Q: 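Before anything else, here's the structure in question.
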Amino acid sequence: RPVRLAEYTPPAHLVDTVQLRFELGEEWTTVSSRLTVRANPERIEAGPLVLDGRELELLEVAVDGRPLGEGEYALDAESLTIPEVPERFTLEVTTRIRPQENTALEGLYKSSGTFCTQCEPEGFRRITYFPDRSDVMARYTTTIVADAQRYPVLLSNGNRIGAGTLTDGRHWVQWEDPFPKPSYLFALVGGDLARVADSYTTMSGRQVALHIYVEHGNEDKVDHAMRSLKEAMAWDEATYGRECDLDVYQIVAVEDFNMGAMENKGLNIFNTSAILAKPETATDADFQRIEAIIGHEYFHNWSGNRVTLRDWFQLSLKEGFTVFREQHFSADRYSAPVQRIEDVRRLRTAQFPEDDGPTAHPVRPDSYIEISNFYTPTVYEKGAEVVRMMYHLLGPEDFRRGTDLFFASHDGRAVTTEDFVRALEEASDRDLSQFRLWYTQAGTPRLFVDAEHDPGAATYTLHVRQEVPETPGQAHKQPMHIPVAVGLLDRAGNALPLRMEGEEPGGTTRVLELREAEQSFTFTGVGEDPVPSLLRGFSAPVRLEHDHRDQDLAFLLAHDEDLFTRWEAGQELACRSLFRGVAAYQAGDEMRLDETLVEAFGGLLRGDAGDKALVAEALTQPDEGYLADLMDWPVDPEAIHQARRFTRARLAQALGDDFLYSYQANQEGGEYRPDPGAIARRRLKNLSLAYLVAGGVGEGIEAAREQVHTATNMTDRLGALRPMVAEDVPGTAESLEAFYTQWKDEPEVMDKWFAIQATSPHYGTLAGIRRLLEHPAFNFKNPNKVRAVLGAFARGNPYRFHAPDGEAYTFFADQVLRLDRINPQMAAALARAFSRFRRYDEARQRLMREQLERIRQDPQLSRDTFEIVTKSLGAE
Ligand code: ARG
Ligand code: ZN
């Protein structure tokens, strides 16, 4: 059943050109294709022609113009085989599909009346029979025929080369894509859409038309996306020397989309949530996310499209690299340390648990049952970390030489992660052979650091030990090559210049290259016992264990020159305090607030620490899911919830004046602008407000009630409503209702309205979730709504999701099964909520396991969900 990397073979047949003709209709859509095919010269014997196809109605198949009879080909549920074919030939295939009934949102489907496609990874085979694999690259010409009234806009990849009208009220448009591409980058759109146009002049002076298509009425929500696109184009020129190769770059926004967006060549398709924004409806976080995703999809034009993947095991070649490029872009646009903190937060909350659970897999997996299940935090975020480590090991210049070499030598080809690493090696004098283990070994390495100061010799030694945990299918691990950036602080908080045996003193940060299971690193000229600042900038995706005292953490939080490590010290201090609360709660003792934490946080609030965004990040509590991940077995979601709640409220009370001051000092009038300074001020202001509401501070509650109505932007409006809903302060129900009335016609805003309720301990009870599902604004077929309620409930509300009676589990499994009939990709994503059941106590384990078993036994279960539940249950 599983597909294995080790079994890769080059395609038997290649396709040079593809001519497609779509007749879009209300009942069905007819797809005619004409392919020029030839045997792959790399293969000794091509053998039969095997084409992929799923859920297609085959109308006709012809070779060199001659229609084939029944006995001349074979059909099954997943393929069309023609046993006898010439060396070179033309293949014509006509199929019929029903996009209006396609709720899986793979292939050609309809979203709010608009025809659109999602072909990555294997959606093209739901459109026509084709060698649907990324190492078959062809030139596409696409003709689209549709009713002129209903579907005035007809788009595909490349340039528009013709158009006309038919006598029956239909019209047609023809597109030609000059670049050979794999089928997963094909796209088509047909609908009645508004177009916002702009243009960009590339560094060599080429004009690129920029067209963003949205539903009528949304034209006022694309300014930010358009600006971001131009910024991204300029950034890729400046940073990677990559220029846009198109005459027209098109983006279409659709409401129903399984992921954020898709980089189809010259015709990106975006989830509306990843593109539409205006101050009244979108938050600062939305503005930043949109810029990042616009950048991400644009950067794929080189990292993914010009140089593409040999096979799906190489997915991180484009995704890890592109996420790294996107993070770097965002860091340059906003604040580098804050960006790093957010990247790490995301890695830790999503990827670390995956790496530590039954669906753990390497950045380059070696097998899969359903490739759609591998668009994971490991492939994306850990993949980006791996590229980032190489960037730092090589340094910016050599890294750039390496990427230049990579793009130049593989342009127009389908390659592997190995080709990428080799290009970086060739352009530098680095040996990355051991480093390659990051691609093949799953599991988050653990680092244990012990320090030893010898006052007599004035030396300071760090003993570092690494352990790579066992993961499914990988029992024995080899030591990894891990860059560990460190610094040392003297007792006055100054960074010491670092010097190692036989070396000149260098800067204040030193990257230790750990290659062995255990290694020691000695610094000389260290007279007084320093405080070590470890894993600066989060130089490697590892779990670090050290024995810092609370005072050391507070000291680092106040003084470290590395802003990431400052934040990290604050988080660790907060985690320690929270786990003391957890222990007290479990023992039935009174929970107490740590003075060290109060002082440290108070210092941050009062100090004029320049970067407000960083202060806000430092004051943000680690979330319940992250704490669960850190907790020793068994995870106690209730104790975590109570300890976190207690700490938040007590901190707010202890620092009430400081929070009030910060709330007031960061008010600002004037026009909303999503620039770094303003975003940071709003963030700190609304964080202070949330603490005040949590602490039950009267002035804070008053302020929130006021702000939720008077706010002129969505950041402030939600900044008030979210803590109200989280604490259910008097007046919350009315505010929720008023919010609904005001925003019910804005689907992206309704998603937020659903999510803040689904994650609230008061509104996100099982009864509350049931009510949300029955709400008229909810729609089970829309992935954004499913994520806003069910996804948010499972991930953002562990206290209620893991209620001890197990009723939420049963309910949730019902929803997984119901969704599996509609949209297997989404169902499989939801089913992951049970995957770490072994982390919980025996009673919860049994309850979750029962639900996993029940899902697994469903006779119609999709391959997607099957893979997740069987891997979760594991071999027992
Ligand atoms: N390549 C896209 C991106 O990361 C996401 C692909 C969507 N895949 C899917 N299985 N729906 O930009
Ligand atoms: Zn991507």
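Remember, it's a predicted structure, so these values are computed and weren't measured experimentally. Along the sequence shown, the residues carry numbers beginning at 1. Just so you know, ligand 1 is whichever comes first in the structure, and atom 1 is the first atom listed for that ligand.
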Q: Please work out which of C119, P121, G123 has its closest non-hydrogen atom nearest to atom 10 (N) of ligand 1.
A: P121
Q: Looking at side-chain heavy atoms only, is the closest gap between F130 and R125 below 4.5 Å?
A: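 No, every pair of side-chain atoms sits at 4.5 Å or beyond.
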Q: Kindly confirm whether the Zn ion (ligand 2) is within less than 2.8 Å of some N/O/S atom in E319?
A: yes
Q: Counting non-hydrogen protein atoms only, what is the nearest one to atom 7 (C) of ligand 1? Give residue, atom name and distance.
A: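 Of the protein heavy atoms, M259 CG, 3.5 Å lies nearest.
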Q: Out of all atoms in ligand 1, which are within 4.0 Å of some heavy atom of E263? Include the element for each.
A: 1 (N), 2 (C), 3 (C), 12 (O)
Q: In a check of side chain to side chain contact (heavy atoms under 4.5 Å, CB included) between Q825 and each of N373, N258, L819, which one passes?
A: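 Answer after filtering N373, N258, L819: N258.
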Q: What is the NE2(H296)-the Zn ion (ligand 2)-NE2(H300) angle, to the nearest 10 degrees?
A: 100°
Q: Numbering the atoms of ligand 1 from 1, which are under 4.0 Å from a heavy atom of H296?
A: 3 (C), 4 (O), 12 (O)
Q: Have a look at F299 and tell me which of Y240, W235, F324, F407 forms a ring-ring contact (aromatic ring centres under 6.0 Å, His included) with it.
A: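 When Y240, W235, F324, F407 are each tested with F299, the ring-ring contact (aromatic ring centres under 6.0 Å, His included) holds only for W235.
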Q: With heavy-atom distances below 4.5 Å as the criterion, would you say the side chains of R242 and D404 are in contact?
A: yes
Q: Going by side chain to side chain donor-acceptor pair (under 3.5 Å), H296 matches just one of E319, R325, E291, Q327. Which one?
A: E319
Q: With heavy atoms of A261 as the reference, note each atom of ligand 1 found under 4.0 Å away.
A: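 Reading through ligand 1 atom by atom, the close ones are 2 (C), 3 (C), 5 (C), 12 (O).
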Q: With atom 4 (O) of ligand 1 as the reference point, say which of Y375, Y184, Y380 has the nearest heavy atom.
A: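 Checking each option, the heavy atom nearest atom 4 (O) of ligand 1 is found in Y380.
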Q: Which ligand 1 atoms does E297 reach within 4.0 Å, using its non-hydrogen atoms?
A: 3 (C), 12 (O)
Q: Is the closest basic N to carboxylate O distance between E385 and R340 below 4.0 Å?
A: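 Yes.
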Q: What residue among Y368, Y184, Y8 forms ring-ring contact (aromatic ring centres under 6.0 Å, His included) with W312?
A: Y184
Q: To which of E120, K318, E106, M262 does the heavy atom nearest atom 9 (C) of ligand 1 belong?
A: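 Shortest heavy-atom distance from atom 9 (C) of ligand 1: E120.
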